[in-house]
Amino acid sequence: MVSHGPWGLQALAMEQKGYRRGSFQSGTSDEDMLEIAGASLEFSAADDDPPLDRELAGFSSYNGGGMNGTSTMMDFLEEPLPGVGTYEDFNTIDWVREKSRDRDRHREITNRSKESTWALLHSVSDAFSGWLLMLLIGLLAGSLAGLIDISAHWMTDLKEGVCLAGFWFNHEHCCWKSNTTFTDRDKCPEWKSWSQLILGHGEGAFAYILNYFMYVIWALMFSLLAVLLVKSFAPYACGSGIPEIKTILSGFIIRGYLGKWTLVIKTVTLVLAVSSGLSLGKEGPLVHVACCCGNILCHLFTKYRKNEAKRREVLSAAAAAGVSVAFGAPIGGVLFSLEEVSYYFPLKTLWRSFFAALVAAFTLRSINPFGNSRLVLFYVEFHMPWHLLELLPFILLGIFGGLWGAFFIRSNIAWCRRRKSTRLGRYPVLEVLVVTAITAVLAFPNEYTRMSTSELISELFNDCGILDSSKLCEYVNDFNSTKGDDLPDRAAGPGVYTAMWQLALALLMKVFITIFTFGMKVPSGLFIPSMAVGAIAGRLLGVAVEQLAFYHHDWAIFSGWCSPGADCITPGLYAMVGAAACLGGVTRMTVSLVVIMFELTGGLEYIVPLMAAAMTSKWVADAVGREGIYDAHIRLNGYPFLEAKEEFSHKTRAMDVMRPRKSDPALTVITQDTMSVEEVEAIVGSTTYSGYPVVVSRASQRLVGFVLRRDLIISIENARKKQDGIVSTSIVCFTDYCPPLPPSSPSVLKLRSILDLSPFTVTDETPMEIVVDIFRKLGLRQCLVTHNGKLLGIITKKDVLKHIAQMANQDPESILFN
């Protein structure tokens, strides 16, 4: 569902790579999948004057009757023809037509509701169906998220050992019933490491080597299984899915991307990928999972099944539910959908997103996957307020986040481009295994990289208490100065210094390994690795500021507010701000990011530090490169996506962009009542365009409307089979009153009902900035260009995208669907 105008796609590239193309009855089946980053589907560069099409299965059509108010598709049939008014794979939907259809449908239901009680009940159920759908999406998304959380937690611990009381318990659950002391809570007798299980003891060099070996083997097994499942059953299940969902929400159709196979395989492989210890998260893919739930459940309701624009409203709400369960942040989810992924977000969708996010969060809370009554693993509560002077280190973290975000986007896009253009892309399984092996070998010796990334973030966010046994909390204790529960700033002990070195090494590893991990053929989210990089940097800076304040509390910057024995600096807060800064630098989120972070941590009083860091990181990252990671991947994959946030500032006119150009052959048109079936079939057969302007006559070139190739083919085929007297010499008539013919002539084929009588037109002198705005705001696929009422040419969405790329000094041929 990416928004490209009706130009042709070459299925040839897919067939050469062994992918199958589905027929137009394929529904949402996953039979006809291709690998997004693997197959190279190109738009035709030569023949895209009118919206074009390489083949019947390649382009979309719509029902011209919506606006024209006609109830029949064909004059010789009562019922609409199957296939007329539907879309095929890799088409843009016609937003205007879909909204018009929905209004007609709603008007008809409202009028009928006054006639009988049954019709009234139907009207009420129709109005209620949207809310019922949201309820179902919330329940399904919440349940799947709970299942993923529990499974990933268990399988991550499986790399290090097994529970004798029941192999299905993870380390934490295994030790709940144990009688061990609080300090030895991780060493309960029920949990055995692999060396204890195989050798009978867990000490010594050989035991360490055996544990190391088992850790790497489990990681490789998990990642191998994940990549094989993705490659064999659902190529669309790889990556985070957010760039594609953004493109789908802008009006493009990618059959199978939100299908049932993708949902099943993504859910299973997401658990495997996260458990393998790769530097990726499950939060981005959970948005894809929730959107798959939304798309599948849409099929239960006719109004969403048959209307692509209505379905996109549901998918926007499903994306909100996905973020809601990923972070336990329902409000943040709604804002994320609004700010980051949605193209069209009316007020009604806002309310429904809110409800879906609420139900999803409630469902996840009922499942209680972490056993702590929280929705996320890293929920923390800080007790000390922050001081105004701390804004300086918070802004420094924002600058670091922005620079890292820009560096990551450039490096990752360069690596992904290399993967596409070299032989590397042919060996996805080998690539995943190599990256997993390197990650596992580097991760095991360092306890901060060995643990799951969510646990690492949880530990970094944590505020040290008296009972904390973590090395990060090994301070030199002097309890004489303790006031109440809060511990004062203390001198760092040897454990803290060791932890600092290990964290510095973990930071280097995470920074570089994430570049190669994101974009591989396994489900991979970016939220958690980005937050981990920021949280490590933030904790390092927090401890540094804390020690500075402890040893130099007489300095002017500390003397006013940080007296000896007071708890002034909270290193966990710095980790939280750093996490927000790095996530903001990579994704360029602002409002939704801050809301997600304070919903995560329950720290409303820390909104200002979070806002300062998020805004700084966005400014710094924007100064280096304008695109966030999702927009960069959309451009890399050549999805025809018109970014609504960017301004078009060039002084060009419609005539500069339209086809045909002066040197090109004349525009192919169909006349309203003078061409025979044979002539129309010859035009369709000899050209690859996906639609044709209909004019009064070739001499006058006065525009009547626009007809789609797919509708023409289906209508003519059906007429030949089902209407008597339709032969090759029959006149095709697109008007209400056809011209009188001699008595001996064959029957006239009336096709007025498939004609769009209100195609969008602009004059040749219209500034391109207005044309671009029309395409963005109305979701058009093509626009006809006239001069003094005469048809001159056509502008498709692809022409607009190519023109924007040309004006930005980019290669216009990069607007392909790769």
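Along the sequence shown, residues are numbered consecutively beginning with 1.
Side-chain contact check for D94 versus E308: every heavy-atom pair is 4.5 Å or farther apart. Side chains of E313 and Y344 form a contact here, defined as non-hydrogen atoms less than 4.5 Å apart. Here the side chains of C293 and L144 are in contact, with some heavy-atom distance below 4.5 Å. In this structure the side chain of D756 reaches within 4.5 angstrom of the side chain of S758, judged on heavy atoms. Looking at heavy atoms from C-beta onward, I245 lies out of side-chain contact with L315 at the 4.5 angstrom threshold. Put simply, the side chain of V657 does not reach to within 4.5 Å of the side chain of V771, judged on heavy atoms. Using a 4.5 Å heavy-atom threshold, the side chains of C783 and I774 count as separate. Side-chain contact between V694 and V669 is absent, with no heavy atoms from C-beta onward closer than 4.5 Å.
Heavy-atom minimum distance, R352 versus A127: NH2-O, 4.0 Å. Among all heavy-atom pairs drawn from V591 and E339, the shortest one is N-OE1, 3.5 Å. Nearest heavy-atom pair, P523 versus T269, reported as atom, atom and distance to 0.1 Å: CG-OG1, 3.1 Å. Here the shortest heavy-atom pairing between I683 and T668 reads CG2-CG2, 3.6 Å. For the residue pair Y630 and S240, the shortest heavy atom distance occurs at CE2-OG, 4.0 Å. Closest approach of L249 to W95, counting heavy atoms only: O-CZ2, 3.4 Å.
Checking each of F354, F301, F355 against W131 for a ring pair (Phe, Tyr, Trp, His ring centres under 6.0 Å) leaves exactly one that passes, namely F355.
Of the inter-residue distances, the one linking L755 atom CG with L708 atom CG reads 10.0 Å to the nearest 0.5 angstrom. A distance of 11.0 Å separates CG of L286 from SG of C291, quoted to the nearest 0.5 Å. The line from CZ of F327 to OG of S592 is 10.0 Å long, rounded to the nearest 0.5 Å. To the nearest 0.5 Å, the span separating CG on L132 from CD1 on I137 amounts to 10.0 Å. Put simply, NZ on K310 and OG1 on T302 are 13.0 Å apart, with the number rounded to the nearest 0.5 Å. Here the CG-CG distance, from D711 to L751, works out to 9.5 Å after rounding to the nearest 0.5 Å.
No donor-acceptor pair under 3.5 Å is formed between the side chain of E283 and the backbone N or O of F527. Side-chain atoms of N111 come within 3.5 Å of backbone N or O of R107 as a donor-acceptor pair. The backbone N or O of H106 sits less than 3.5 Å from a side-chain atom of T110, completing a donor-acceptor pair. Side chain of T349 to main chain of F345: no donor-acceptor pair is present (N/O by atom type, distance under 3.5 Å, no hydrogens or angles). In this structure, the side chain of R659 does not engage the main chain of T796 through any donor-acceptor pair within 3.5 Å. S324 places no side-chain N or O within donor-acceptor distance of the main-chain N or O of L358, the cut-off being under 3.5 Å. Judged purely by atom type and a 3.5 angstrom limit, S342 uses its side chain to pair as donor or acceptor with the backbone of S337. Checking side-chain atoms of N718 against main-chain N and O of I714 turns up a donor-acceptor pair under 3.5 Å. The backbone N or O of I248 lies less than 3.5 Å from no partner atom in the side chain of Y343, so there is not a single donor-acceptor pair. Judged by distance alone, the side chain of K266 and the main-chain N or O of A237 form a donor-acceptor pair under 3.5 Å.
With respect to the salt-bridge test (charged N to carboxylate O, under 4.0 angstrom), the residues R752 and D736 qualify. Remark: R635 engages E627 in a salt bridge, criterion side-chain N to carboxylate O under 4.0 Å. Ion pairing of R101 with D104 is absent here, as no side-chain N (NZ or NE/NH1/NH2) approaches a carboxylate O to less than 4.0 Å. Under the 4.0 Å criterion applied to side-chain N and carboxylate O atoms, K303 and E108 are not assigned as salt-bridge partners. We find that K802 and D799 are not joined by a salt bridge, their nearest charged nitrogen and carboxylate oxygen being 4.0 Å or further apart.
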Worksheet entry | Test log, rule side-chain contact (heavy atoms from CB on, under 4.5 Å), inputs I794 and Y689 | CA-CA 12 Å; I794 190 165; Y689 310 145; over 6 Å; no
Item to complete: Starting from the C-alpha separation in whole Å, work towards a yes-or-no answer on side-chain contact (heavy atoms from CB on, under 4.5 Å) for V334 and L350.
Response: CA-CA 7 Å; V334 175; L350 178 72; 3.5 Å; yes
Item to complete: Show your working on ring pair (Phe, Tyr, Trp, His ring centres under 6.0 Å) between Y257 and H288 and close with a plain yes or no.
Response: CA-CA 9 Å; Y257 196 82; H288 187 183; 4.5 Å; yes
Item to complete: Go through the steps for V264 and F233 under the test side-chain contact (heavy atoms from CB on, under 4.5 Å), then give the verdict.
Response: CA-CA 10 Å; V264 173; F233 296 104; over 6 Å; no
Item to complete: Dump the intermediate steps for side-chain contact (heavy atoms from CB on, under 4.5 Å) on K246 and E643, then the final yes or no.
Response: CA-CA 10 Å; K246 277 188 79 161; E643 180 56 72; 4.1 Å; yes
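No side-chain N or O of Y639 forms a donor-acceptor pair with one of S250 less than 3.5 Å apart. Side-chain contact check for T363 and S143: no donor-acceptor pair (N or O, by modelled atom type) lies under 3.5 Å. For the 3.5 Å distance criterion, the side chains of S123 and D126 fail to qualify, holding no donor opposite an acceptor.
Within a 6.0 Å sphere centred on CZ of R112, other residues, nucleotides and ligands contribute 12 heavy atoms or fewer.
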